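In what follows, a structure is listed as structure tokens, so that the remarks can point back to it.
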Amino acid sequence: DAKGKAENVPVPVMPELAKENSKAGLEAFIGYWYATYSYATETGDLTAWMMSTDTTTESGVAYKKAIDVNYADGRWLAGGRISVPSIEVLWQNGADSQVAKVQVIQEEIQYFDANARVGQVASEASNTAEAVKVTFKSGNWLVIDNGLILG
């Protein structure tokens with residue numbers, strides 16, 4: 001909130017199902033992946049998110065930079081919790097990568113500077129559709145791309 005950075009936010013725990021190379025496993029993983037980014041938005045800690053994201057891709061770099069910039073020099077965010085009420089996995093047997101369409105709801109985000117002053121205009125709450133592309137390597141899912149679905 002406006003008084004300071006979030007405290008006592010539970011770190012998301014990956015469900016066992018999310019470790020399976022299956023349609024149901026992928027759906028569970030995507031829910032977990034968004035939970036890790038929600039956690040990063042609330043706390044500035046990208047550790048869990050980075051473990052399941054290819055941060056060398058354009059989208060990975062952009063997501064990481066957004067958190068890094070907003071938590072640099074003592075800044076912080078308030079709000080921004082993410083939920084994913086709808087995940088549609090477009091499973092293709094034997095494919096090197098899989099894709100899902102996800103409804104992403106994010107609460108309003110308020111930005112604060114180190115001195116607790118408002119840092120910029122708040123970002124409004126949003127309800128968007130995103131595409132997520134993943135691959136299963138070495139027994140784990142890895143997000144290799146994601147972004148808004150336009151149109």
Side-chain angles (χ1 to χ4, degrees), residues 1-19 23-91 97-136 140-151:
D1 62 21
K3 295 178 185 175
K5 293 180 181 181
E7 297 178 3
N8 302 317
V9 178
V11 178
V13 176
M14 184 183 296
E16 283 302 311
L17 181 59
K19 299 174 184 177
K23 183 177 180 180
L26 177 54
E27 184 174 336
F29 170 77
I30 289 172
Y32 166 75
W33 184 75
Y34 276 99
T36 65
Y37 199 73
S38 182
Y39 176 80
T41 301
E42 294 177 75
T43 66
D45 180 359
L46 283 158
T47 305
W49 177 83
M50 289 179 63
M51 290 175 57
S52 55
T53 307
D54 182 346
T55 58
T56 66
T57 65
E58 186 176 337
S59 63
V61 168
Y63 273 74
K64 183 180 182 311
K65 182 179 178 183
I67 297 297
D68 288 345
V69 166
N70 285 302
Y71 278 89
D73 302 322
R75 294 187 292 259
W76 75 90
L77 305 177
R81 185 172 288 128
I82 297 169
S83 62
V84 289
S86 176
I87 301 170
E88 180 185 352
V89 174
L90 308 174
W91 188 262
S97 61
Q98 301 290 342
V99 176
K101 296 189 289 186
V102 184
Q103 179 186 12
V104 181
I105 297 175
Q106 187 166 28
E107 296 174 353
E108 176 185 77
I109 302 173
Q110 296 176 339
Y111 302 84
F112 295 93
D113 289 334
N115 59 11
R117 284 193 233 152
V118 173
Q120 67 184 52
V121 175
S123 295
E124 293 182 11
S126 61
N127 183 350
T128 59
E130 292 189 7
V132 181
K133 185 175 182 180
V134 297
T135 189
F136 194 81
N140 296 298
W141 290 108
L142 184 69
V143 173
I144 54 177
D145 199 8
N146 83 297
L148 291 174
I149 297 173
L150 303 173

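Bear in mind the structure is a predicted one, so any value in this text is a computation, not a measurement.
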At what distance, to the nearest 0.5 angstrom, does [atom1] of [X] lie from [atom2] of [Y]?
| X | Y | atom1 | atom2 | result |
| --- | --- | --- | --- | --- |
| K133 | D54 | NZ | CG | 11.5 Å |
| S97 | L142 | OG | CG | 11.5 Å |
| T128 | L150 | OG1 | CG | 10.0 Å |
| I87 | Y34 | CD1 | OH | 8.5 Å |
| Y32 | K19 | OH | NZ | 9.0 Å |
| E27 | E88 | CD | CD | 10.0 Å |

Would you mind reporting whether [Y] and [X] have side-chain heavy atoms less than 4.5 Å apart?
| X | Y | result |
| --- | --- | --- |
| V84 | I30 | no |
| V118 | Q110 | no |
| K5 | Y71 | yes |
| Y37 | L46 | yes |

Item to complete: Measure from the side-chain N and O atoms of D45 to the backbone N and O of T47, and report whether any donor-acceptor pair falls under 3.5 Å.
Response: yes
Practice prompt. Look at the side chain of E108 and the backbone N and O of A125, then say whether any donor-acceptor pair between them is shorter than 3.5 Å.
Written response: no
Nearest non-hydrogen partners of [X] and [Y], listed with the distance:
| X | Y | answer |
| --- | --- | --- |
| V11 | Y39 | CG2-OH, 3.3 Å |
| G80 | S38 | O-OG, 4.4 Å |
| I105 | P85 | CD1-CG, 3.7 Å |
| A35 | P12 | O-CG, 3.5 Å |
| V9 | A6 | CG2-CB, 3.7 Å |

Item to complete: Please identify each residue that fulfils side-chain contact (heavy atoms from CB on, under 4.5 Å) with T53, with sequence neighbours left out.
Response: W33, W49, T55
Worksheet entry | Contacts of type side-chain contact (heavy atoms from CB on, under 4.5 Å), residue D73, not counting sequence neighbours | R75
Fill in: Atom NZ of K23 with >12 non-hydrogen neighbours under 6.0 angstrom
no
Worksheet entry | S123 vs Y111, side-chain hydrogen bond (donor to acceptor under 3.5 Å, both in side chains): CA-CA, chis, key distance, verdict | CA-CA 8 Å; S123 295; Y111 302 84; 2.5 Å; yes
Discussion item. Run Q98 and F136 through side chain to side chain contact (heavy atoms under 4.5 Å, CB included) and show every step you take.
Written reply: CA-CA 9 Å; Q98 301 290 342; F136 194 81; over 6 Å; no
